[in-house]
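Heads up, the thing below is written out as C-alpha cells.
The basis for the numbers below is simple: all heavy atoms, side chains too, and nothing from hydrogens, waters or symmetry mates. In the text below, chain A, chain B and the rest are named by the order of the sequence lines, each starting its count at 1.
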Amino acid sequence: MAQIELSKSYDPSQVEDKIYQLWEQTGFFNPDHLPGKRRSAFVVSMPPPNVTGILHLGHALESSLMDTAVRYQRMRGKKALLVPGTDHAAVATQARVEDELKKRGIVNPRQELGRDKLLAEIRNYAEESKKIILSQIRKMGTSCDWSRLAYTFDAERSRAVNHLFKQMYDDGLIYRGYRVVNWSVKGQSTCSDDELVYVDQTTKVWTFKYAKDFPIPIATTRPETKLGDTAVAVHPDDERYKKYIGQKFIVDLGAQKPLQITIIADKNVDPNYGTGAVGVTPAHSQIDYEMYQANKNIGIIQVIGADGKMTEAAGRDYQGLTINQAREKFVSWLKDNDLFIKEEEIINNVGTSDRFGDVVESLPMEQWFIDVNKIIPGRQQSLKDLMRQAVTIGHRGDAKQKITITPERFYNIYLSWIDNLRDWCISRQIWWGHRIPVWYGPNKEVFVGEQPPTDGEWVQDEDTLDTWFSSGAWTFSTLGWPDKTKDLKQFHPTAWMQMGYEILFFWMARMILMSTYALDQIPFYHVYIHGILRDKNGKKFSKSVGNGLDPLEIIKQYGTDALRLSLIKGITPGNDSRFYEEKVAGARNFVNKLWNISRYVLQAVAEPKIINKQPQAQSLADQWILNDLSETVETVTQLLDSDAFSPAAEKLHEFTWNDFADWYLEIAKIEGGKDEILLYVLQQLLKLWQPFCPFVTEEIWQNFKAKDLLMVTDWPQSVKAAKDKRLSGDIECFIGVIKTIRNLRSESNIEPAKLIKIKLISATKKDLLEKQREIIKKLSRCQELEITDKSSAAKDSAVAITGEVEVHLLLAGLIDLKAEKERLNKELAQIENYIKSISAKLVNEQFLSRAPKEIVAQEKAKLAEAEDHLAKIKKQLISIG
RNA sequence: GCACGCUUAGCUCAGUUGGUUAGAGCAUCUCGUUUACACCGAGGGGGUCGGGGGUUCGAAUCCCUCAGCGUGCACCA
C-alpha cells in the first residue's frame, strides 16, 4: 500500500490558489517557455472584460471556454498563448462613474469637476475595477500569459490606435462630416447605430395640414419637429399627388420664419401607408436627411439643439422649451388654427442609448466617420468588401485566410448586417477614451498624428473615439503592432475567438475591418459563438432584476472546476442556456468522484509512478477498459477539435463514472494485481480532464512525482489493444451474468443472505465464467456458484438468459412467482410487437429493393436477435411454470 | 413586415449528413449501509419528439403550413 493519504472528499479551497501559483511559477503560460519542440501556434486573444465592475457569469463562461480550448491545444503540442486584457469601455465606464458621482450629490459631474478631475475619478475607478477583474480571472484558473497583459487604454494600445487613425485618415477612409447622427441628450454624446436599444412605446400619431389650403395631409409622431420641415415627399407615381411634385408652398407654423415646403418625389414613400405622404424634416431624421442630400435645394432647419431643447429657429414661442412642452404647444396650436385632423394611439419603437438609457435624438452635427464604401487606395476594395470577403471567399480571395464561424447560421446574420451598414460614426463627446489624434493650428490647419507641431497654438480635437475603435485592433495591438514584432509574425492571425452573439456586430465585424485593413490579414481563423446565460426561469441575469449569481461565491462553495464544468456542460453553440445551482452541485459531485477514484487507485497501488506506455492486458476486464479508453480518447479528441466542448465532457464523464469507476474498479478490486493498468488509465483520464478541470487533475497528478506538470504533458493518443473478436461478446456475457443475478434478486426481493445457490449452464462460456467466478460471486453477492455445462433446468428455478448463458436461480420458495411472471409477460408482449414491425418491414418489397444493403442486413440481424430474445423469454416462462 | 432560433420525459437539455425499440443529468420510486466516494451503488417508472399535411421503403431529423415563445433587422409618415 502506498503511503498516500488523501482526504475523503475533495476540498478545492485547499488546492486552487496553490496550484495556480505553481502554474505561474513554471512560466508555462508563456509559450516562449513551453517545453519541447513546438512548431505551430494556437493563439487566443481574451475578449477583454470591461473595467466597469466585477466578473459575472458570462465572463466565467468565456474564461472556461477559451481556457479549455487553450489547455487542450497546449497539450497537443502547440505554442499555446492566451493574451489577457481589459477594456476601458469608454461610454460604459464614464456613464457608470457619473452615476456613482450623482449618487454622491454631484448633480452635473462634467460641469462641476471639469475634464481633468472627472477623468481622474474615472481612472481611479477603472484601475480598482481592473485589479478585481484580473484577480477573478486568475480564480477561474485561466491559463493566460500575464507577461503579455494588455489594456485597451494603455500606452502601447494608445499608440496603435493613433497610428491606425492616421493611416485611415491618410487613406481618406476617416473623414469629418456634417450629418444627422444619434445623439444622447443625457450622455451629451453621439452613439453609433448599433449602440441603440429599441424599445416599444405607446405614442400618439397626429394627422394635420400645414395650412388650410395645403393639398396633402401629413401624419407624425413628432409634431415638434415639424417646425423644421422643408419638404413633403410623395411616391412619384401617386395619382393623387403627382401633380404637385416640384411645387413650393409657403406655410407659417409659428416658427422663426415661415416654412417653404417643396413637394418632392421619393420611391421609398409607400402611397398606401398613412396619408401616403411624408413630411420631410432633414435635420431630425436620418432618412429625411438622405432625402435632403438628394434634393439639397429644399434646405435644412435644426429646431432641436444638443441640449434637447428647441432652438431659436423653432421660433420665439418655442425656443428653450423641452421637446414635450413644444409638442403640446404645437398640437394645441394646430387645433386652435383648425389644421388638426385626428390623433390615434400606436405602438412605436424608439431607439434609446444602450448606456445612458434615454431616447436618442437625431441631430445634424459635425462628426468623424469611417467611410465603409470608399475604395481603399491601392486595393480596389472598400472596407465593406474586406469585411465580406473574410468570411466568404477568404481575405483577398485567399481560401486560407478565411474565417469560419460556429454555428454556421451567423454567417448570414453577419453578411446581412454588412449590407445595411452605414458609415461608422467614431467620435464621441464623452471624455473617457482615446482622444482623437487631430490638432487644429492657429490658422485652422489640421494636423493628424501623435504629437502636434510645436510652432504656435495647436488645439487638440475635443472628442474621443468610440471604444470599439480600439477593441477592433485588439488581436494585433496586443501583439506589438504597429511595430513589426516577433509576436506579430508568429502569432497573427490568431487561431480562435469566442464571443456572445450580442456583440457580433460591435466586435467581430470591427476586428475583421481593422485587421484586414491594417495588416492585410484576417484577425482569427475561427470564431465560436456562444449564447447568453439565463437563470432558472429563463430570464437574463441582470443587476436590476437582482437574479445575479456571483461566480466567486459559487467557487467558494463548489470550487472552480465544478463551476467550469457546469458552465460548459449542456451548452450548444449560439444558443442561450439556463444556469442554476443544482447544475454546479452535479458537477461538484463529479469532481469529487474523480478525486475518489484517484484516492482509491493511489491507495491500491504499491508505488504511484507514471506509466507512459499502455500496459499489457491481463484479463478480459483489462482488455475491455483499455479498448474503451482508446475509443474515448479518439472521440473526445475529435469532439474537441470541432469545438464540441459539451459532448466531449459528457463522453468523458460517461467513461469515467460508468465504465471505469462503476465497473472496472469493482472488478479490479477482486481480480487484484493491476497497478500498472490502474495507474495508466487514471493518468490518461487526468490528462483528458485537464482542460476542463485543471485544478483537481493537477492536484492529483502531484502524487505521481512526475517530472512535468500535468498541464504540459502530452495529450493521450488512442492505442487500440490487440483486437480480440470474442472480446465484446465475452465481456457482455460476463457483465450480463452479474447484472442478471442482481436483477433476479432485487426484483424478487430476495435478501442476499438467503440466496443460496446459483447454477450457470453454458455450452461455450464455461471456462470464461470459471475464471471470473469470484468476480461474479462478489459483484452479484451470491453465496454459492455452481457452473455446469449441462442444460438441466431445475423445476424450481427462475431462468434468465444473457448472451449464451442461462442463469438459474434456485427458488427455494423465495421468489415471487406471480410478479416474475407478470414482468416476463409484459416483456414478451413488447418483443412480439417489435418482431411484428420488423417482419413487416422485411417483407416490404420496396424496402428490400430501395434501402441500402447494410440497412437490410441490419434489420435482419435485429429480427434474429429479437427472435432469439423471444425464445429465451418463453423458456423462462416455461421454467417458472 | 423580413429573417433567424426554439418547442423532445415532471424540470434542464442532447440528438452530427433521414436508418437499432428516441438519450443524458436532475427529480421521483424500489432495493442496497461491500474497507475510494451517501457529493455513493444496483434497478424501475415516465415521451404518439408543439398541431396538421407532404416527400420517402423509412422522418425528432427534409419540405409546406399553423400556433406559441424568443432574438435580430427594417419600418416607425
*Hunt down the Watson-Crick or G-U wobble partner of B:U20, both distances under 3.5 Å, from any strand shown, or write none.*
none

*Could you tell me whether A:N348 contacts a base, only the sugar-phosphate backbone, or nothing, with contacts defined as non-hydrogen atoms closer than 4.0 Å?*
base

*What nucleotide among B:C39, B:G19, B:G41 has an atom nearest to a side-chain atom of A:N592?*
B:C39

*Give a yes or no on whether a donor-acceptor pair under 3.5 Å exists between the nucleobase atoms of B:A36, that is its base, and the side chain of A:K8.*
no

_Considering every strand and a 4.0 Å limit on heavy-atom distances, what is the contact class for A:I287: base, sugar-phosphate, or nothing?_
sugar-phosphate

*Can you figure out which of B:C37, B:C76, B:G19 approaches the side chain of A:N349 most closely?*
B:C76

*Taking any strand in view, what nucleotide pairs with B:C39 in a Watson-Crick or G-U wobble way, both distances under 3.5 Å?*
none

*Name every residue in residues 218-231 of chain A that has at least one heavy atom under 4.0 Å from any atom of RNA chain B, in order of residue number, or write none if there are no such residues.*
A:A219, A:T220, A:T221

*Just call it for A:K778: base, sugar-phosphate, or nothing, with non-hydrogen atoms closer than 4.0 Å on any strand.*
nothing

*In a check of side-chain contact (heavy atoms from CB on, under 4.5 Å) between A:F579 and each of A:I554, A:I571, A:L61, which one passes?*
A:I554

*May I ask you to say what A:E654 touches in the nucleic acid, namely base, sugar-phosphate or nothing, with a heavy-atom cut-off under 4.0 Å?*
nothing

*So which nucleotide does B:G25 pair with, by the Watson-Crick or G-U wobble rule with both distances under 3.5 Å?*
B:C11

*asked:* Would you say A:W689 and A:T656 are linked by a side-chain donor-acceptor pair, where the criterion is simply a distance under 3.5 Å?
replied: yes

*Pair partner, B:C6 [Watson-Crick or wobble, under 3.5 Å]*: B:G68

I'd like a list of close polar pairs between nucleotides 11-16 of chain B and the protein, N/O only, cut-off under 3.5 Å.
| unit_1 | atom_1 | unit_2 | atom_2 | d |
| --- | --- | --- | --- | --- |
| B:U12 | OP1 | A:R578 | NH1 | 3.3 |
| B:U12 | O4' | A:Y580 | OH | 3.3 |
| B:U12 | O2' | A:Y580 | OH | 3.2 |
| B:C13 | OP2 | A:R578 | NE | 3.3 |
| B:A14 | OP1 | A:T572 | OG1 | 2.5 |

*Within the structure shown, what part of the strands sits under 4.0 Å from A:D270 by heavy-atom distance: base, sugar-phosphate, or nothing?*
base

*asked:* What contact category does A:A866 fall into here, base, sugar-phosphate, or nothing, at under 4.0 angstrom with non-hydrogen atoms?
replied: nothing

*Taking only the side-chain heavy atoms of A:V205 (C-beta and beyond), determine which of B:A36, B:A77, B:C76 contains the nearest atom.*
B:A77

*asked:* Distance to the ring centre below 6.0 angstrom and angle to the axis at most 45 degrees; does that hold for A:K583 and A:Y580?
replied: yes

*To the side chain of A:N589, which of B:A36, B:C39, B:C76 is closest?*
B:C39

*Between A:E631 and A:K651, is there a salt bridge with N-O shorter than 4.0 Å?*
yes

